Chemist: 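Quick one: the structure is below, questions incoming.
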Amino acid sequence: MTMDSQFRAGLVFHLTGRRADGGTAESTIAALRPALMARHRDLASLRYDFPVVLAGEGDDYVRPLSGLVDAALHAVAPAGAAGEARRRRALGIEREIRRLVAAGAEGTLSQLWDRAAGALAPASDTAFHRDARVLRDSLPADGPVADCDASLPARFLRHAWTAVQRDRARIAGERIGRLVIRLGEILRADRARSSEALVPPALQAGFGPAHHRMFDFDAMSRLLVRSGPRGGLCERRRRRVEEALAVLETQRFFARGADPKALPAHEFEFRSAAAALAAFRERLPEAARLLKALQVAELEVEGSYVEDVHDAIFASYGERSVTAEDLALFPDYLVCLEHGDPGAAGTLSEALSSGVPLKVVVQVADLVEESALGQGRFAFGVRAAQLAAAAMGLDDVFVLQTAASNLLQLRSRVERGLRYGGPALFSIYAAPAGGPLPAYLRTAAAMQSRAFPAFSYDPAAGADLAARFSLENNPQPESDWPVDDLEYADQELQAVKASIAFTFADFALCDGRLTEHFDVAPRALWTEGMIQAQEWLARPPQDPAGALPYVLAVDEADLLCRLVVDERLMRAALRCRDAWHRLQELAGIHDSHAARLIARERKAWEEEHRREAAAAPATAAAPATAAAAPQVAAEPVARAPAAAPAAAEADAARNPDEAYIETIRCSTCNECTQVNPRMFAYNENKQAYIADLKAGTYRQLVEAAESCQLSIIHPGKPWDAEEPGLDELLERAKPFA
Ligand code: SF4
């Protein structure tokens, strides 16, 4: 094929998704991975966040395996050469556990530790196994080990929820137990003063058998009845105390007894939001009875129950009296759903808007969905994203969206949501099993590429959006796509370092079902007509045939290739970026209202100064010096605002070959930062400046100048004489000199 025909074939693929005869097989593309993932080829050998150990309470309820191994080493491996062998053995066992878990092994950390040690050294290697035992016994926590797979969202949240409920049950249990004892004491004391307690058999029962023959209990009874105290509890009070005690002793919301792991009689985990809501409503009268009993008991124990006041209050106490604060005493209801479950749609929004403290976990396993419009476009994560966005609109629902790979980082946010007094939604993406890449990488790619960004909405954090909404720990939140450095060897085996954005198209490459949207570009096509996906996304060409967008990928041998991306996927990437922009705005990043306000104020300011400049010659006619140099005096007034003399002087003194921005005039419209966020950046006033000229091409600089509506970007002269197309670019740069 000639180069022209290859380019035409590439264009046809980009525009229609149809490969030329003999094009790349989809199985070849399925074996590729985004170039930025080349460094993560052997995950088991990397010490990263996973697997985690589900153990402990409070901030430590989930801990990374590597952190626990470090803690054990800190405790029992001496610094320097003396501890070197033990350190090597510990890291070897850690690596083996990672391999075992990735292959599907299950168990607690101590079980997997022993298994890994057994796999690494024969039983005859006593030194190894002695060290392994010492290290295992020094691990600061134990519990089930969990990898970043499709089951993680439910496991993680269930574990966190259990820890929170245990905490709550302990507090409630202590309160109930204390009241049961005190009410029992009141009744016992009353009984001891009653006439039934003074009959001979009751008196005899109060002494041990050894004393039965020593006393005349009939005589004792006659004596005590005549001289003993009268009174005790009145009938109404005794009945009230007995009723409260009976409710406390038979309640079913909390386990009875001292075992902290004992379970309550009621179940609190449900398979659908509707079932949880129905259980809550059914139990509400019972909850009201318990709340009433607690309050009556506390008043009785303090001796402050006033019948004239409290009888009337408690007579009307029922389920309608239960407040949201009261519900904080009780366990919350946990619902774990697969995205797409019947309960994940209609009934879920009804349940969340009910104000009932449900904690709903929605596991999202699929972000790319064919839209009803068929071939014209496909949606990505639409329903999953709508769910979290709709829940935010309910105002008093705690919302957390994140990829499962990020759960460890957000563990305190998870705990905060579980402790929140109202309903909470946790929407968590975890890539399903299968595919050439580990689930952890595919899951992390969803967050990295903005396909499933992390964010939270916490109604308890404050009154306004700035306090409630957080973009959490998304990488480089100011940018459209996170950019990372990629180092590789070019055709001449020279080391090359390039800045590559991780876009939605890169995420799609990790999904084996989307290989049809990529085609390998032959080397001959690696020309100016191909542009990186992030450039295409920053400025989609007016003419769809104007440029071929590509992503960089590597094969099993880490050989770099370019993949042409079809337009359909690129359009989906644009929608992904637009959704990210909306989240950015909620977080106050690139706020369009603020940008408009700044632009309006700036325009007014410029018009004001233009008027002043126009008026200047008339007013300047009076001074005698004006006649000497009228044109020179007028010019600076028109070109530079009086408020920025330093900037004006700097502009005047500039080398005309040097690229610069009139930063003081920037209206923060994002055009240039979208062209290349490394080349252009914002200063502390949110106004653009050239951060790193060499971070991009002269072409990008000229394109940014052309897109700047205020024409304040001056490209100067190119710095790389080898850059293709310079003649044309210099022509285009002239208006901005
Ligand atoms: S394009 Fe111009 S106005 Fe917009 S951010 Fe860049 S420099 Fe500022």
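Each ligand, and each atom within it, is numbered from 1 in the order the structure gives. Keep in mind it's a predicted model, so treat the numbers as computed, not measured. What you see below is based on every heavy atom in this structure, not just the backbone, and it leaves out hydrogens, waters and symmetry mates.
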Chemist: Taking only heavy atoms of Glu671 into account, list the atoms of ligand 1 that are under 4.0 Å away from them.
Modeler: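 Here the atoms of ligand 1 in question are 1 (S).
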Chemist: How close does the nearest protein non-hydrogen atom get to atom 4 (Fe) of ligand 1, and which residue and atom is it?
Modeler: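 So the nearest neighbour among protein heavy atoms is Cys669 SG, 2.3 Å.
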Chemist: Does the side-chain contact (heavy atoms from CB on, under 4.5 Å) test come out yes or no for His517 and Arg568, once each step is laid out?
Modeler: CA-CA 8 Å; His517 299 283; Arg568 202 163 154 234; 3.6 Å; yes
Chemist: What protein heavy atom sits nearest atom 8 (Fe) of ligand 1, and how far off is it?
Modeler: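 The closest one turns out to be Cys666 SG, 2.4 Å.
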Chemist: To the nearest 0.1 Å, how far is atom 2 (Fe) of ligand 1 from its closest protein heavy atom, and which atom is that?
Modeler: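 The closest heavy atom on the protein side is Cys708 SG, 2.4 Å.
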Chemist: Tell me whether the rings of His14 and Trp536 are parallel (<30°), tilted (30 to 60°) or perpendicular (>60°).
Modeler: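 Perpendicular, since the angle between the ring planes exceeds 60°.
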Chemist: Between Asp49 and Arg411, is the closest basic N to carboxylate O distance under 4.0 Å?
Modeler: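 Salt bridge: no.
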Chemist: Quick one: look at Tyr682 and ligand 1, take heavy-atom pairs under 4.0 Å, and tell me if it's side chain, backbone, both or neither.
Modeler: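 It is the side chain that touches ligand 1; the backbone stays farther off.
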Chemist: For Tyr457, run the side-chain contact (heavy atoms from CB on, under 4.5 Å) check against Val397, Asp395, Leu425 and tell me which one passes.
Modeler: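 Single pass found, and it is Asp395.
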Chemist: Distance to 0.1 Å, residue and atom name: give those for the protein heavy atom nearest to atom 6 (Fe) of ligand 1.
Modeler: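 Nearest neighbour among protein heavy atoms for atom 6 (Fe) of ligand 1, to 0.1 Å: Cys672 SG, 2.3 Å.
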Chemist: If you measure only the distance, is there a donor-acceptor pair under 3.5 Å linking the side chains of Gln700 and Asn676?
Modeler: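 A pair is found: one side chain offers a donor N or O, the other an acceptor, under 3.5 Å apart.
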